[in-house]
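Notes follow the structure.
When a ligand or atom number is given, it counts from 1 through the structure's own listing order.
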Amino acid sequence: MTTPLVEMDGDEMTRILWQMIKDELLLPYIDLKTEYYDLGLAHRDETNDQVTVDSANATKKYGVAVKCATITPNGARMDEYHLKEMWKSPNGTIRAILDGTVFRAPILIKGIVPYVKNWTKPITIARHAYGDVYKNAEIKIPGRGKAELVFTAEDGTQTRELIHNFGGEGIIQGIHNTKDSISSFARACFGYAIDTKQDLWFSTKDTISKKYDHTFKDIFQEIYEEEYKEKFENLGIEYFYTLIDDAVARVIRSEGGFIWACKNYDGDVMSDMVATAYGDLSMMTSVLVSPSGVYEYEAAHGTVQRHYYKHLKGEETSTNSIATIFAWTGALRKRGELDRIPQLAAFADKLERACIKTVEDGKMTKSLSLISTCENPVILNSLDFIKAIRETLDRL
Ligand code: NAP
Ligand code: MG
């Protein structure tokens, strides 16, 4: 390696797996270079969360990061870790600094059959991560009265739109988005489609929301034509817009193998649907891509708290490390591409094949065995599963 990866360590069971993966699957095989940031909750608290900001800035500097799952503090965590403050979600902080879009794709393995039988290739969901209902203003209407949308420009001029004349109790909600954020989202999606040579689908409800959703559609179309159309045509990939309800029907009938860009709420709902239909959250990869071409790889699942507490009690755990290993391989492959080190990218490919082959050969963790069609799976504990992957890797 020439350029270091930005390494963001994390919490609980995934922190344990993190070290095992480095010891068993990375350090014996590659000259691993990382710039290490400890995003474990205790260290975030010590540094007043500065370490999260520093790690995001380092990612901007070097271009590629790999992140372990981290705790997003809540009331219970305040007591458990004696926190000074209820620090914000590290993923939210990093996403805000990198201005990125999150792409989630399942890892497909023979013997783990998607509920939708015709899905033979992965479907990648790209979720817009800013605004709409996640930054809303809401009022419970107590009784009769008039609700309006009012925009006051800097010069004081006002634009008004009637929402509803209430004859009794009701509810209203105001949501927004910005041209900048939608444009960044569009560029991240077009860039990622080119990067992975997959078609890009985008869906909204522009027939009903003629200004709000229609603006999303228009921005995507404009950026596509001005900046990406030629590259798409040269690669033989397609940009395709359709209504969200039509998209759902087409996605279910498809064989997969494309990126589905969704507005914030649609992405929240559809990513859980797609993850579940492919089999298991522990087999979902996730990468944050900024419009400037910076990448942060991680597993889609959390810190697997329940397994960690068993581990602390000295009980055996069978936690699936595949998505975390794929975060490393994604980052190493990208580093290899950027720095022109084909051996590094080849190692990443081989390690991924080793993970898949190990499970296809019948060795797996408990949760995988529950959804696998394998007749007599060998259920391994967390460390033995990683060691089994190492044996497969050595054979490959
Ligand atoms: P979680 O860590 O994803 O785990 C939920 C359950 O899913 C587990 O209890 C386990 O089920 C199963 N599971 C998830 N990953 C697994 C794996 N690799 N192998 C085997 N089973 C797996 O979600 P959570 O328990 O709701 O959240 C725990 C912490 O993670 C929270 O503090 C949350 O803030 C944080 N979190 C972080 C991220 C991130 O950093 N990206 C994302 C989500 C959540 P069983 O217990 O039934 O075996
Ligand atoms: Mg959700």
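In terms of N/O distances under 3.5 Å, ligand 1 is not approached by Ser321. Taking only nitrogen or oxygen atoms, main chain and side chain alike, Thr319 does not reach within less than 3.5 Å of ligand 1. Checked by distance only, ligand 1 and Gly302 come closer than 3.5 Å through their nitrogen or oxygen atoms. For ligand 1, one of its N or O atoms has an N or O atom of Thr72 under 3.5 Å away.
For atom 12 (C) of ligand 1, the nearest protein heavy atom is 4.0 Å or more away. Shown here, atom 19 (N) of ligand 1 is in close reach of the protein: a heavy atom of it lies under 4.0 Å off. Protein heavy atoms are found less than 4.0 angstrom from atom 38 (C) of ligand 1. In this structure, atom 44 (C) of ligand 1 has protein heavy atoms in its sub-4.0 angstrom surroundings. Within the 4.0 angstrom cut-off, atom 15 (N) of ligand 1 has one or more protein heavy-atom neighbours. Within 4.0 Å of atom 27 (O) of ligand 1, not a single protein heavy atom is present.
Between Lys22 and Asp9 there is no salt bridge, since no side-chain N of the basic residue sits under 4.0 Å from a carboxylate O of the acidic one. No salt bridge links Glu296 with Lys67; every basic N to acidic carboxylate O contact stays at or beyond 4.0 Å. Between Arg15 and Asp38, at least one side-chain N (NZ, or NE/NH1/NH2) sits under 4.0 Å from a carboxylate O, which counts as a salt bridge. Between Lys229 and Glu233, at least one side-chain N (NZ, or NE/NH1/NH2) sits under 4.0 Å from a carboxylate O, which counts as a salt bridge.
Here the two rings, on Tyr265 and His128, have centers that are 6.0 Å apart or farther.
For atom 31 (C) of ligand 1, the closest non-hydrogen atom of the protein is Arg77 NH2, 3.9 Å. The single protein non-hydrogen atom nearest to atom 35 (C) of ligand 1 is Thr70 O, 3.4 Å, given as residue, atom name and distance. The closest protein non-hydrogen atom to atom 30 (O) of ligand 1 is Thr303 N, 3.0 Å.
Note on residues 198-212: pairs passing salt bridge (charged side-chain N to carboxylate O under 4.0 Å, His left out), not counting sequence neighbours, are Lys205-Asp245, Asp206-Lys217.
Only side-chain heavy atoms of Arg306 come within less than 4.0 Å of ligand 1; its backbone N, CA, C and O stay farther off. Proximity of Lys366 to ligand 1, defined as any heavy-atom pair under 4.0 Å, is not found for any part of the residue.
Side-chain contact of Asn320 with Ser367: a donor-acceptor pair under 3.5 Å is absent, judged by distance alone.
Taking a 4.0 Å cut-off on heavy atoms, Lys67 registers as neighbouring ligand 1.
For atom 17 (C) of ligand 1, the choice among Ser89, Ser282, Cys68, Ala69 with the nearest heavy atom turns out to be Ser282. Looking at Glu298, Glu80, His307, it is His307 that brings a heavy atom closest to atom 21 (N) of ligand 1. Counting heavy atoms only, Val304 comes closest to atom 22 (C) of ligand 1 of the residues Ile71, Val304, Asp11, Asn74.
Taking every heavy atom of Ser367 and a limit of under 4.0 angstrom, the matching atoms of ligand 1 come to 20 (C).
In this structure, Lys334 is not positioned above the aromatic face of Tyr297 in the sense of NZ or CZ being under 6.0 Å from the six-membered ring centre and within 45° of the axis.
The aromatic rings of Tyr239 and Tyr224 lie tilted to each other, with the angle between the two planes from 30° to 60°.
In summary, of the residues considered (Tyr130, Tyr212, Tyr134), a ring-ring contact (aromatic ring centres under 6.0 Å, His included) with His176 occurs for Tyr130 alone. With Trp201 as the fixed residue, the ring-ring contact (aromatic ring centres under 6.0 Å, His included) test singles out one of Phe220, Tyr241, Phe240: Phe240.
Contacts of Glu85 classified as side chain to side chain contact (heavy atoms under 4.5 Å, CB included), with partners at least two apart in sequence or in another chain: Trp87.
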